[in-house]
Number of protein chains: 2
Amino acid sequence: MKQITVYDIAHEARVSVATVSRVLNGTAPVKASTRERVLAVINKHQFQPNALARSLIKKESGMIGMIMPDIGNPFFPEVFLGAEKEARARGYAIFLCNTMGAQEKESEYLALLQEKRVDGIIFLGGRINQVRSKAELAQELADCAARLPMVLVNGNMPRVSLSRVVTDEAAGFRLVAQHLIDLGHRELRFIGGERSITATVQKVQALKAVMEENGLPFGPDTVLYGGFSIGSGRELMRKVLALEKRPTAVMCVNDNVAVGAVKAALEAGVQIPGELSITGFDDTLLASSITPELTTVSQNSHALGEQAVQILHQMVSGEKVRKLTVLEPRLICRQSTGSVTVVGKVRD
Amino acid sequence: MKQITVYDIAHEARVSVATVSRVLNGTAPVKASTRERVLAVINKHQFQPNALARSLIKKESGMIGMIMPDIGNPFFPEVFLGAEKEARARGYAIFLCNTMGAQEKESEYLALLQEKRVDGIIFLGGRINQVRSKAELAQELADCAARLPMVLVNGNMPRVSLSRVVTDEAAGFRLVAQHLIDLGHRELRFIGGERSITATVQKVQALKAVMEENGLPFGPDTVLYGGFSIGSGRELMRKVLALEKRPTAVMCVNDNVAVGAVKAALEAGVQIPGELSITGFDDTLLASSITPELTTVSQNSHALGEQAVQILHQMVSGEKVRKLTVLEPRLICRQSTGSVTVVGKVRD
DNA sequence: TTGAAAGCGCTAACAG
DNA sequence: CTGTTAGCGCTTTCAA
């Protein structure tokens, strides 16, 4: 079925294509009567200008690419939602590219998005969370960023200077750690995450700092690495419960791990927060879904996406942009943490 | 910064643009030595052909639009994931369009996607789940579908004949209902959903049928409508618990509502499944995250997205496609349901 | 206020 | 096997 073009409209309205274009875009004055005539024909045929042709000439596609590791993890849909809202307001549509953190998928999508001439790319996860990334991956990102606007969310690529929007995860972690200490906890454990992931490293360091400030010993066994999923949380908690000296509080690298940890604890008949306090991180949907509801840290994921699009848009518009935007996290106190002293009494 | 074009490549490789195009697409034989020379120049400049220009002439954009109500609801990311995987394999990228079920957003996106000349649209939620939709909304969908391939997922638009991929939700609901009855439950209640939403209606009818088959009375008070969120689940469960005659099993319209229901029950000190069995629907991430884990119905959300893309692709390829693809749901038995007789004993 | 015509970057006949 | 050339559908000078 043949698509209608500006020529068809022009012909039927007895004007030139230039005039049709003018009424479409309002780029130049058109006599009212002419405009009406053109508009009538446009409506009659439900004409929709071909954005591809327009983009080709304008060198703006109105498309943004968003590369993220896992839309199945509730944190990321929230970032997407924030980004989309802002994008819609500025007339962009978003390509959602899911990589599962696989670097070859990231590369594929990076290439695909460039070919599609998106106006900019928002990048999350994968290589930008790695403590050390291969030089070629960094180079690839740098090359891409040299061709089009790119902003990194909650990550960084050392030696490549890119605009970033990040949550101050260390600050967030200090918040929960201090919260637990204030509740009287002295035996803290950190579970989940990976040594090779910067976010994990930042959290561990924050915990170390807070513990030392409070005169608590931070040893190598304070941390139990092991992933980011519910399954790993469960597994890690089992290990913790098997320890001869159980902690009174377990801090999880994220909500997923915390959910697994809570399950394992509950299965073992451990009272939360009676015998054990557990904390999450991210304040995803999960945190408030389980019982007891998780004390956690809100990253303000929505704002993360929103800011990213704003910055992208500024870059597209040739404005000068801030290289680093830091969002402050917020402690969300719920039911999974409690005072340690009361607990002792209750138990014995 | 000027983008490199086929002309630049052609010039530097001392061939014509046609030849460059040929090596790019493999559409015609090119002498090996020539190809090498062209390829070398391409690599040297990291040339990436402009997909907009290509799409303009080929009348294929390699883009798919996916319109859905809420990516924040864990069911939808799963559908997306299935769709994306299939789309990637066929070289498509996906525009994710989130509508929150708002009809004007659906309309906006429908128009936007058409302008962008996506190769097809996958539509979920909103108007296609309405028992009655305004004629103009139906017309809009029909018009859009007349211009490009469209497939509806888990929905329908009466009087508009479109390809659909759906879960047999009624069959799924029969599964859980029968499961509960087999466990000895006689007092069943349905909570959540809306009268105006087809999926709810189908479930209620399925429940009615199963109950009647089993000689159980289905009355108007068997159903408590009230939404699809965790919050509404909580609220509805509170109402159920306040009933003078409490049911032994509560069936929820989806996992979200079930999560809220479980929370409310737990808060009220009700044992699950000891005193009360609760079921969900969809088998989202939430179902297996909470304690007790939910008995629910898997929609095979992944396959839903996968099939939708496959059908879209067939339509693009001009193949004949099945109008209706029905996926069979699966009962997932977990911890939130239990035998009713045992319960009685335990309680008294 | 309007029209003619030159591209945007690519592909696809059609010749050679 | 390769080059020339005519568009794809739109925007945008430049003239009128």
Open item on the list: What's the angle between the local helix axes at either end of the helix from C:dT1-D:dA16 to C:dG16-D:dC1, using five pairs per end and rounding to 10 degrees?
Closed with: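 Axis angle across the helix from C:dT1-D:dA16 to C:dG16-D:dC1, nearest 10°: 40°.
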Any residue meeting salt bridge (Lys or Arg N to Asp or Glu O under 4.0 Å) with [X], in chain and number order, not counting sequence neighbours:
{"X": "A:R14", "result": "none"}
{"X": "B:R88", "result": "A:E108"}
{"X": "B:D143", "result": "none"}

- [ ] Hey, could you give me each pair passing salt bridge (charged side-chain N to carboxylate O under 4.0 Å, His left out) that has a residue in residues 44-62 of chain B? Not counting sequence neighbours.
- [x]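 For residues 44-62 of chain B, and leaving out neighbouring residues, the salt bridge (charged side-chain N to carboxylate O under 4.0 Å, His left out) pairs sorted by first residue read B:E12-B:K44.
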Open item on the list: With salt bridge (charged side-chain N to carboxylate O under 4.0 Å, His left out) as the rule and sequence neighbours excluded, what pairs involving residues 66-81 of chain B come up?
Closed with: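 Residue pairs with at least one partner in residues 66-81 of chain B: there are none.
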Open item on the list: Surrounding NE2 of A:H45 (heavy atoms of other residues, nucleotides or ligands, distance under 6.0 Å), is the total greater than 12?
Closed with: yes
TODO: Could you check whether A:S55 gets within reach of a base, just the sugar-phosphate, or nothing at all, counting any heavy atom under 4.0 Å?
DONE: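 Result for A:S55 = nothing.
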Validation: residues 29-41 of chain A side-chain donor-acceptor distances under 3.5 Å, sequence neighbours left out:
residue: A:R35; atom: NH2; partner: A:V30; partner atom: O; Å: 3.3
residue: A:R37; atom: NH1; partner: A:A13; partner atom: O; Å: 2.4

Output a table of donor-acceptor pairs, distance under 3.5 Å, between side-chain atoms of residues 111-122 of chain A and any protein atom two or more places apart or on a different chain; print 'none' if there are none.
residue: A:Q114; atom: NE2; partner: B:Q48; partner atom: OE1; Å: 2.6
residue: A:K116; atom: NZ; partner: B:S61; partner atom: O; Å: 3.3
residue: A:R117; atom: NH1; partner: A:Q114; partner atom: O; Å: 2.8
residue: A:R117; atom: NH1; partner: B:Q48; partner atom: O; Å: 3.3
residue: A:R117; atom: NH2; partner: B:Q48; partner atom: O; Å: 2.9
residue: A:D119; atom: OD1; partner: A:S61; partner atom: N; Å: 2.9
residue: A:D119; atom: OD1; partner: A:S61; partner atom: OG; Å: 3.3
residue: A:D119; atom: OD2; partner: A:S61; partner atom: N; Å: 3.3
residue: A:D119; atom: OD2; partner: A:G62; partner atom: N; Å: 2.7

- [ ] Can you tell me which residue pairs pass the ring pair (Phe, Tyr, Trp, His ring centres under 6.0 Å) test with a partner in residues 86-107 of chain A, sequence neighbours excluded?
- [x] A:Y92-A:H313, A:F95-B:F95
TODO: Sorted by first residue and then second, give each ring pair (Phe, Tyr, Trp, His ring centres under 6.0 Å) pair with at least one member in residues 110-165 of chain A; sequence neighbours left out.
DONE: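 Not a single pair qualifies under ring pair (Phe, Tyr, Trp, His ring centres under 6.0 Å).
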Task: Per-nucleotide protein contact string for nucleotides 6-16 of chain C, where B marks a base within reach and S marks sugar-phosphate only (heavy atoms under 4.0 Å, - for neither) - done: -BBBBBBB---
Task: First-last contacting nucleotides on DNA chain D - partner chain A, under 4.0 angstrom, heavy atom - done: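 Counting from the 5' end, contacts occupy D:dG9 to D:dT13.
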